[in-house]
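FYI, side chains are in, hydrogens and waters are out, and symmetry mates aren't considered; it's all heavy atoms of this structure.
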Amino acid sequence: MTNSSAFRDPAELAGILGVSIPADLLVQALTHRSFAYEHGGTHYERLEFLGDAILQQAITLELFERFRDLPEGELSKRRAALVSTLALAEVARSIGLGAFLRLGNGEIATGGHDKSSLLADVVESLIGATFLSHGQPAAMELVIRLVGPLFDQADRFGLSMDHKTALQEHCDRHAMGKPVYDVDGEGPEHARTFHATVSSDGVVVGAGSGSSKKAAEANAAMAALAKFAG
């Protein structure tokens, strides 16, 4: 069995975060389902669900206040970038979060302590735990303290990322089905217009048009990302 002493003391993490979280709740926020399966107890997924909602709200409000001249579309792109797995994993690594994760043997064997998806999930679960411990203002303050340094670097995390790649990442992270594109065209050969829809788990999540199949699919992916970010 995994030796829980191999994990750093969660109390150290609370000090790094500057937030006091009850010990049992903090342990839950750091516990992956693989560890809970092997040792019993609860895992972080409900806290992650809660933290994701607070993260989205905090980033939205901060962007709205910080970039007063940017249109809605640009704000949406920046938000999607700042809440992406890439951005949250960078935040996690900056505070050494991987050493605190409570993972099962299988996850440890496959490098789970440095998996971007797991690190990003736990950042959200810690936000959720902070909300339960101290309320919304403290949780939103934690978001800005953690993610704030990245606000002027959003292009590194998704603004210039291929939208289809970004959508695939989103679906992988949230255990959704692989995006499936359906494209048809209309008009004469020299001036065709293509219309695309993208589905996940059989449900259409975005639609877009363009002068090429590639452009139509990219626009459909962008529409899906905007929908999920909203």
Side-chain angles (χ1 to χ4, degrees), residues 32-34 43-45 47-60 62-63 73-95 97-98 101 103 106-107 110-128 143 146-147 149-183 196-208 210 213-230:
H32 187 259
R33 65 163 56 196
S34 61
H43 52 75
Y44 62 63
E45 291 179 12
L47 292 174
E48 175 199 350
F49 171 79
L50 177 62
D52 176 68
I54 298 162
L55 172 71
Q56 294 277 352
Q57 184 178 30
I59 296 299
T60 298
E62 184 70 11
L63 285 170
E74 186 67 18
L75 291 173
S76 292
K77 291 179 183 178
R78 286 178 180 267
R79 178 177 58 191
L82 291 168
V83 302
S84 70
T85 296
L86 291 175
L88 296 182
E90 180 164 313
V91 167
R93 293 186 179 103
S94 74
I95 60 174
L97 184 57
L101 302 189
L103 306 176
E107 283 295 338
T110 57
H113 285 102
D114 195 49
K115 281 185 181 178
S116 292
S117 59
L118 295 190
L119 291 171
D121 288 347
V122 176
V123 169
E124 291 181 339
S125 72
L126 289 168
I127 294 167
V143 170
L146 293 175
V147 185
L150 306 181
F151 268 75
D152 294 320
Q153 307 171 44
D155 58 318
R156 291 201 293 116
F157 305 106
L159 281 177
S160 59
M161 183 189 295
D162 172 74
H163 291 111
K164 292 179 67 174
T165 301
L167 179 58
Q168 177 68 64
E169 177 188 278
H170 177 94
C171 291
D172 288 345
R173 182 179 170 198
H174 293 276
M176 299 170 61
K178 179 181 178 180
V180 176
Y181 295 86
D182 184 33
V183 184
T197 59
V198 58
S199 303
S200 174
D201 296 321
V203 177
V204 174
V205 294
K213 290 184 178 180
K214 183 177 180 180
E217 289 180 347
N219 286 331
M222 182 170 61
L225 290 167
K227 176 182 176 180
F228 292 137

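- The CG atom of Leu97 sits 6.0 Å away from atom CG of Leu126, with the distance rounded to the nearest 0.5 Å.
- Counting all heavy atoms, side chain and backbone alike, Phe151 lies closest to Arg78 at O-NH1, 3.8 Å.
- Pro179 and Val198 make their closest contact through CB-CG2, 3.7 Å (heavy atoms, listed as atom of the first residue, atom of the second, distance).
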Query raised in the report: Run the side chain to side chain contact (heavy atoms under 4.5 Å, CB included) check on His32 and Val122 step by step: do they pass?
Result: CA-CA 9 Å; His32 187 259; Val122 176; over 6 Å; no
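- When the shell of 6.0 Å around NZ of Lys115 is examined, it contains more than 12 heavy atoms from other residues, nucleotides or ligands.
- The closest donor-acceptor contact from the side chain of Asp201 to the backbone of Gly177 lies under 3.5 Å.
- Side-chain contact between Leu103 and Leu118 is present, with heavy atoms from C-beta onward closer than 4.5 Å.
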Report task. Evaluate the criterion side chain to side chain contact (heavy atoms under 4.5 Å, CB included) for residue pair Thr85 and Asp172; output intermediate values, then yes/no. Result -> CA-CA 10 Å; Thr85 296; Asp172 288 345; over 6 Å; no
Report task. Output, in order, the C-alpha distance, side-chain angles, deciding distance and verdict of side chain to side chain contact (heavy atoms under 4.5 Å, CB included) for Leu88 and Arg173. Result -> CA-CA 12 Å; Leu88 296 182; Arg173 182 179 170 198; 3.5 Å; yes
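- Closest heavy-atom contact between Leu82 and Val147: O-CG1, 4.1 Å.
- One distance of note links CD of Glu217 with CG of Asn219; it measures 10.5 Å at 0.5 Å rounding.
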**Report entry** Audit row: His174, Phe228, side chain to side chain contact (heavy atoms under 4.5 Å, CB included) steps and yes/no
**Finding:** CA-CA 11 Å; His174 293 276; Phe228 292 137; over 6 Å; no
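- Atom OG1 of Thr197 and atom CG of Asp182 lie 4.5 Å apart (nearest 0.5 Å).
- Residues Thr60 and Arg79 have side chains that bring a donor and an acceptor to within less than 3.5 angstrom of each other.
- Looking at every heavy atom in both residues, Cys171 comes nearest to Ser200 through SG-OG, 4.3 Å.
- When side chains are defined from C-beta on, Val123 does not count as touching Leu55, because their heavy atoms never get closer than 4.5 Å.
- With rounding to the nearest 0.5 Å, the separation of CG in Asp121 from CZ in Phe49 is 13.5 Å.
- Residue Gly206 comes nearest to Ala223 through the heavy atom pair CA-CB, 4.3 Å, listed as atom of the first residue, atom of the second, then distance.
- Proximity of a side-chain donor or acceptor of His113 to a complementary backbone N or O of Leu101 within less than 3.5 Å is detected.
- When only modelled atom types and interatomic distance are considered, Arg93 and Ser116 share a side-chain donor-acceptor pair under 3.5 Å.
- When every heavy atom of Ala196 is checked against every heavy atom of Val183, the shortest pair comes out as CB-CG2, 3.8 Å.
- Taken to the nearest 0.5 Å, the CG atom of Leu47 stands 11.0 Å off from the CD atom of Glu124.
- To the nearest 0.5 Å, the span separating OG on Ser125 from CG on Asp52 amounts to 11.5 Å.
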